[in-house]
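What follows is a set of notes on a single structure, which appears directly below.
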2 protein chains.
Amino acid sequence: MSWRKETRRAERGYHHGNLKEALLQAALGLIAEKGAAGFTFADAARMAGVSAAAPYRHFRDRDELLSSIAQRGFEQFEARLTAAWDDGRPDTVTAFERVGKAYLAFAREEPAFYNAMFESGLPVDANPALQAASERAFNIIRAAAERLAALAPPGTPRPPALMMALHIWSMAHGVASLFSRGDAARRKLPMSPDELLEAEVLIYLRGLGFPTDRRPPAKSAEPPPVPPVAPSGSGVPPGGPWGKPK
Amino acid sequence: MSWRKETRRAERGYHHGNLKEALLQAALGLIAEKGAAGFTFADAARMAGVSAAAPYRHFRDRDELLSSIAQRGFEQFEARLTAAWDDGRPDTVTAFERVGKAYLAFAREEPAFYNAMFESGLPVDANPALQAASERAFNIIRAAAERLAALAPPGTPRPPALMMALHIWSMAHGVASLFSRGDAARRKLPMSPDELLEAEVLIYLRGLGFPTDRRPPAKSAEPPPVPPVAPSGSGVPPGGPWGKPK
DNA sequence: AGCTCATGTGAACGGCTTTTACATGAGCTG
DNA sequence: CAGCTCATGTAAAAGCCGTTCACATGAGCT
């Protein structure tokens, strides 16, 4: 079995064999558990079964480990946003909202990454690689906004795509930070963070003149009752992007 | 002179005289400088000129000092939001936007409080007093949303005020967190965080059917070119809440 | 004057980060 | 295969922090 070699490497030898990766995984678990602030270099070392000094062979200091995690986080984040955007299929607005949901899903499902990326207080702009990774992730949102802006109803002033992207980002980040994570997420909401963000984005898009009179923010995947492009006659869609007030 | 008594108390005596307050002030300065994560109990004690054990006579532990600061922060926050809202004068929409700006102004001008309140990772819901203070601050936004919702144009479905409040809060918090603070604020923006948020809120309100075709978000107070109520035929006002794309 | 209790001190414990000198052994070289 | 070298690990130590405990001080009351 391939059990032998790996286990022996991992357990017995003087050399760990893959300490860097083991430390990253350990740190990820610890951050998910206790937050980036509570995470400890020594703990990660202990969890990997090495002495407290060993990590310094692979990371300059604790901050560099944190940065590495944030870096990976931004990469995975970018991948998920890219997948969610799916190049604007089946239609731009649907895909755009999917990106928003992917943002929240990432914050929910990868709390450790999200924490390292946005809540650890590490200086993102001090690390060029990190900044670049963050930029690449944001560029997905930006590209999506670009496509959306190009679709602005004729006769209306075209909204600047960059501004739209920043708006969407701030909405997603605001909802994720306030309502979609461990601590403050306990605030009792009349709706789920996903629904909250979806409604927010829909209202915002309507404010830009986009037709958003599609399905209400229900969880079921219904076939779209009408083709995505609607006449812009009445600015007010029938359903409205919010449910009945409970 | 009253100089005597205070100074002697502060400098000489075995007893400090007002250590609790001194510690709070010291901590506030340290947090503003190095963030809540970097802030140190021992440092605060040193800055107040007492031993490292002295603070424990006034705070159970480091977290309680942090909580006290967050608590004060929420109180000041509430006061500023209340002042900005000014009971909806001179008109609801204007006052509403002023609240948004007050949110950003607070984040910018009181980084230490903001940090303790929203970025220190302390469990807000574990401390009832803290949670109540936070709730009171949010209620200002909520009350404003309530008034705004009541003004929804006739013929449109009335948006739930709580949802609106949550939306506005998430926008303000998102913009503040991402663009209006020390670290990540370095991201080059085509506009100021204030303008960004103002545009965002205006577009959002327009999406709800509110007439928002007032002055563009310029700093000068121009007379409104057209009366505020527009026919709802075309959902798109003339000016648009964004400037020319640069 | 004397008592008492809030408030401050100093020393100590354990834990964390980081550095330094030293140990080990994996992989290359001849 | 012998031997060298260097990456990778360890142990120990210094310095910091949070926290606790026994003890000191003196402010205010009787």
Side-chain angles (χ1 to χ4, degrees), chain A residues 4-27 29-31 33-69 116 120-123, chain B residues 4-27 29-31 33-70 116 120-123 126:
Chain A
R4 283 295 278 288
K5 184 172 179 186
E6 288 155 13
T7 299
R8 283 181 65 179
R9 268 188 170 284
E11 299 203 3
R12 220 208 34 179
Y14 185 88
H15 285 58
H16 183 289
N18 199 6
L19 184 52
K20 186 163 188 170
E21 192 56 32
L23 287 171
L24 285 168
Q25 292 305 325
L30 289 170
I31 293 173
E33 228 184 294
K34 309 188 290 185
F39 144 74
T40 253
F41 217 23
D43 245 346
R46 210 167 299 137
M47 190 160 301
V50 296
S51 77
Y56 289 86
R57 296 294 174 198
H58 300 276
F59 302 95
R60 197 179 339 89
D61 54 17
R62 183 179 171 283
D63 260 26
E64 197 185 273
L65 172 49
L66 226 61
S67 294
S68 295
I69 289 185
S120 66
L122 54 79
Chain B
R4 283 295 277 289
K5 186 172 179 186
E6 287 154 15
T7 300
R8 285 181 64 180
R9 268 187 169 286
E11 298 201 4
R12 220 207 35 178
Y14 185 88
H15 286 57
H16 183 289
N18 200 6
L19 183 52
K20 186 162 190 171
E21 192 56 32
L23 287 172
L24 285 167
Q25 293 304 326
L30 289 170
I31 293 174
E33 228 183 294
K34 310 187 290 184
F39 144 74
T40 252
F41 217 23
D43 244 347
R46 211 167 298 138
M47 190 160 302
V50 296
S51 74
Y56 289 85
R57 296 294 174 197
H58 300 276
F59 302 96
R60 199 180 338 89
D61 54 18
R62 184 179 171 281
D63 259 26
E64 197 185 274
L65 172 49
L66 226 62
S67 295
S68 293
I69 289 185
S120 66
L122 55 79

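- In this structure, the CZ atom of A/R60 is 10 Å from the P atom of C/dT18, given to the nearest Å.
- A sub-4.0 Å separation between OP1 or OP2 of C/dG15 and a side-chain N or O of A/T40 is absent.
- With contacts defined as side-chain heavy-atom distances shorter than 4.5 Å, the pair A/L19/A/H58 qualifies.
- Using a 4.0 Å cut-off on heavy atoms, the residues of residues 50-59 of chain B that approach DNA chain C are B/V50, B/S51, B/A53, B/A54, B/R57, B/H58, listed by number.
- As a whole-Å value, the separation of B/D61 CG from D/dG18 P is 11 Å.
- Protein atom CG of B/L30 is 11 Å distant from nucleotide atom P of D/dC17, rounded to whole Å.
- What separates CZ of A/F41 from C1' of D/dG9 is a distance of 14 Å, to the nearest Å.
- For B/R46 and D/dC17, the shortest distance from a side-chain N or O to OP1 or OP2 is below 4.0 Å.
- Using a 4.0 Å heavy-atom distance criterion, A/D43 is classed as making no nucleic acid contact.
- Rounding to whole angstrom units, CD of residue B/E21 and C1' of C/dT7 are separated by 17 Å.
- A straight line from CG of B/L19 to C1' of D/dG26 spans 16 Å, rounded to a whole angstrom.
- Under the 6.0 Å distance and 45° angle rule, A/K34 does not count as a cation-pi partner of A/F39.
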